[in-house]
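Worksheet: one structure, shown below.
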Protein chains: 2
Amino acid sequence: MPPDDPLPSRLSSDVYAVLRRQIVTGELRPNQPLIELDIAERLQVSRTPVRESLQRLAHAGLVVPRKRGWAVREFTPDEIRQNAEVRMALEGYAASLAALRGSPSDIAAIVAIHERRLKLRSSDEAMRVKTNRDFHDAIMRASGNPRLTDAIYHSGQFYFNAPIARVTTGEELALGNADHALIVAAIKKRDGPAAEKAMRAHIQRTFALFWRVTGLAEPLDVRQE
Amino acid sequence: MPPDDPLPSRLSSDVYAVLRRQIVTGELRPNQPLIELDIAERLQVSRTPVRESLQRLAHAGLVVPRKRGWAVREFTPDEIRQNAEVRMALEGYAASLAALRGSPSDIAAIVAIHERRLKLRSSDEAMRVKTNRDFHDAIMRASGNPRLTDAIYHSGQFYFNAPIARVTTGEELALGNADHALIVAAIKKRDGPAAEKAMRAHIQRTFALFWRVTGLAEPLDVRQE
DNA sequence: GCACGCAAGTTTGCATACAAATTTCATTTC
DNA sequence: GAAATGAAATTTGTATGCAAACTTGCGTGC
């Protein structure tokens with residue numbers, strides 16, 4: 001999971017990190033009410049840091065206000081689709097920037113991660129997840145735009161509590177590798193538009209697989225271009 | 001100014017709204033330390049809602065932690081450039097979605113706003129600002145993706161405390177109208193890629209003007225494609 | 001004249017107190 | 001047996017208390 005901006009206040013940040021992880025992993029279910037005192041007792045702190053972390057979670061969009069208190073946000077299929085589009089916009093642009101202005105060492109790093117991933121066996125699930133993240137991270141880094149990277153992480157949070165993180169079939173590995181290869185080729189050629197297009201298509205396909213694996217109804221209009 | 005997600009807690013939200021406005025308008029200067037007790041007394045509330053609103057402001061990126069307490073975030077020219085790029089990514093994509101899937105009435109609304117703007121005189125500054133915002137809002141609405149709209153607003157906050165809102169020369173009006181015309185034409189033709197390209201170029205030119213008007217050094221690598 | 005140190009004053013981070021609003025639940029009424 | 005009522009229990013929103021950490025500024029020694 002990507003880091004989130006740290007704060008000096010210890011407890012508040014700790015509570016935030018714990019709740020965020022529990023929401024994102026699904027340990028706290030969507031629509032589950034978040035009772036301040038329960039959380040405070042569970043984490044052995046007072047309500048003050050709990051309330052402060054809830055404010056941050058609300059701003060992050062992971063928690064929504066109820067008539068009374070807060071609840072874990074539930075994402076509808078359509079909201080997940082919207083997030084996928086935000087990600088296509090941001091990460092596609094990051095790929096184009098990486099192609100246009102990534103330093104040679106940035107690009108070498110991307111290539112190296114991609115080649116390491118090609119050697120994986122489909123059973124090596126943890127490694128597959130890790131190299132996938134590394135790949136996307138390397139591209140963002142090569143974009144030379146930390147704000148863009150932040151925005152991508154931010155948008156990424158939104159569907160982690162959906163089971164997309166568990167899309168782990170062997171098919172997905174092959175598909176992902178093919179997609180990644182197209183992206184890498186475009187970046188190596190310094191072809192910004194091609195890199196952008198390939199990245200968007202990759203995200204698109206990942207989500208198409210997501211709908212299929214989860215059995216969620218795919219919203220209309222997902223497909224672009 | 002775009003709305004921000006409201007909260008049930010009255011005071012906390014009020015304090016957040018006030019501080020946000022003061023930061024964004026420059027009433028609170030960058031790097032100015034934010035003393036909880038001062039704010040509490042100024043707004044006639046206790047420290048609790050002040051602290052909660054500071055958490056939200058921190059997550060919004062408008063306020064940064066200091067060794068002790070908080071300060072209004074200052075944006076460097078490079079960070080402003082980064083934000084401009086985020087906006088190019090998001091709003092460009094919104095324009096392409098508007099072209100590809102905006103309803104006829106969505107598109108009629110965009111055209112109407114554009115034509116109203118064409119009739120403005122350069123002295124009508126308030127109206128110019130308003131129709132500009134309306135124009136961009138209409139495109140976002142036509143994109144059919146509220147999350148994308150939110151993300152754009154979010155990214156927009158980041159340079160409001162810079163003087164870009166006050167780029168108000170007559171030249172800017174003419175330039176803006178020419179840019180808008182290109183965007184409108186592409187959307188009417190249902191040409192997504194052209195709309196995206198035109199919107200990116202528009203944002204690019206707006207920022208180029210911004211660097212010139214403010215006298216800030218333009219960071220390298222602003223120019224894409 | 002400069003540096004150091006120490007004490008007083010701020011200011012924060014966390015905990016707790018308290019009242020108001022809401023929910024729950026048992027009891028009554030039909 | 002179902003609905004209504006009202007009192008008790010939760011739970012929140014805000015305020016305040018308190019100790020620790022950091023700053024400030026003055027005085028002292030060199």
Side-chain angles (χ1 to χ4, degrees), chain A residues 3-23 27-74 161, chain B residues 3-23 27-74 161:
Chain A
D4 212 345
D5 25 299
L7 284 181
S9 152
R10 283 164 298 148
L11 289 189
S12 203
S13 303
D14 292 351
V15 174
Y16 175 79
V18 170
L19 290 180
R20 181 175 186 277
R21 182 174 49 72
Q22 293 186 333
I23 291 171
E27 192 172 335
L28 289 168
R29 308 298 307 170
N31 289 316
Q32 180 169 342
L34 296 165
I35 308 299
E36 294 175 6
L37 206 59
D38 287 355
I39 298 168
E41 279 169 8
R42 193 151 56 81
L43 303 183
Q44 293 293 309
V45 297
S46 81
R47 282 174 54 215
T48 305
V50 172
R51 285 180 60 81
E52 288 177 1
S53 76
L54 285 172
Q55 295 285 330
R56 286 169 60 77
L57 290 165
H59 200 269
L62 292 174
V63 144
V64 289
R66 286 263 179 280
K67 205 179 327 199
R68 195 170 176 69
W70 306 94
V72 177
R73 177 163 176 185
E74 173 171 54
N161 67 341
Chain B
D4 213 346
D5 26 300
L7 284 181
S9 152
R10 283 165 298 148
L11 289 189
S12 205
S13 303
D14 293 351
V15 174
Y16 175 78
V18 169
L19 291 180
R20 181 174 186 274
R21 182 174 49 74
Q22 293 186 335
I23 291 170
E27 192 172 335
L28 288 169
R29 308 299 306 172
N31 289 316
Q32 181 169 340
L34 296 166
I35 307 299
E36 294 175 5
L37 207 59
D38 287 355
I39 298 168
E41 280 170 6
R42 194 151 55 81
L43 302 183
Q44 292 294 308
V45 296
S46 82
R47 283 173 55 216
T48 305
V50 172
R51 284 177 62 81
E52 289 178 0
S53 76
L54 285 171
Q55 294 286 330
R56 286 170 62 77
L57 289 165
H59 200 270
L62 292 174
V63 144
V64 289
R66 285 266 179 281
K67 204 177 329 199
R68 194 171 177 69
W70 307 93
V72 177
R73 177 161 176 187
E74 173 171 55
N161 67 342

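Every chain is numbered from 1, with letters handed out A, B, ... down the list of sequences.
Not one side-chain nitrogen or oxygen of A:R47 sits closer than 4.0 Å to the OP1 or OP2 atom of C:dA15. Taking only side-chain nitrogens and oxygens, B:S46 comes nearer than 4.0 Å to OP1 or OP2 of D:dA15.
Between B:W70 atom CH2 and C:dG13 atom C1' the separation is 12 Å, expressed in whole Å. Here the C1' atom of nucleotide C:dT12 and the CZ atom of B:R51 are 7 Å apart, to the nearest Å. If you take CD1 of B:I39 and P of D:dA15, they are 14 Å apart, rounded to a whole angstrom. Rounded to an integer number of Å, the gap from CG of A:L11 to P of C:dT12 is 17 Å. Straight-line distance from the CG atom of B:L43 to the P atom of D:dG13: 19 Å, rounded to whole Å. The distance between atom CG of B:L37 and atom C1' of D:dT23, rounded to the nearest whole Å, is 16 Å. When rounded to the nearest whole Å, the span between CD of B:E41 and C1' of D:dT14 equals 16 Å. If you take NZ of B:K67 and C1' of D:dA20, they are 16 Å apart, rounded to a whole angstrom.
Residues B:E36 and A:V45 each lie close to DNA chain C; by heavy-atom proximity, the contact nearer the 5' end of the strand is made by B:E36. When each of B:T48 and B:D38 is assigned the nucleotide of DNA chain C with its nearest heavy atom, B:D38 is the one assigned upstream, toward the 5' end.
A 4.5 Å side-chain heavy-atom check between B:Q55 and B:Y16 finds every atom pair outside the cut-off. Annotation: side chain of A:R66 is in contact with side chain of A:N31 (closest heavy-atom distance under 4.5 Å). In this structure, the side chains of B:L57 and B:R20 come closer than 4.5 Å at one or more pairs of heavy atoms. Counting heavy atoms from C-beta outward, A:P33 and A:W70 have side chains that stay 4.5 Å or more apart.
Among residues two or more places apart in sequence or in another chain, the side-chain contact (heavy atoms from CB on, under 4.5 Å) test is passed with A:L43 by A:V15, A:V18, A:I39, A:V45.
Comparing C:dA15, D:dT14, D:dA20 by their closest approach to the side chain of B:R68 singles out D:dA20. Distance from the side chain of A:I35 is smallest for D:dT11 among the nucleotides C:dT10, D:dT11, C:dC14.
Residue contacts shown for B:L34 are limited to sugar-phosphate atoms, with no base heavy atom under 4.0 Å away.
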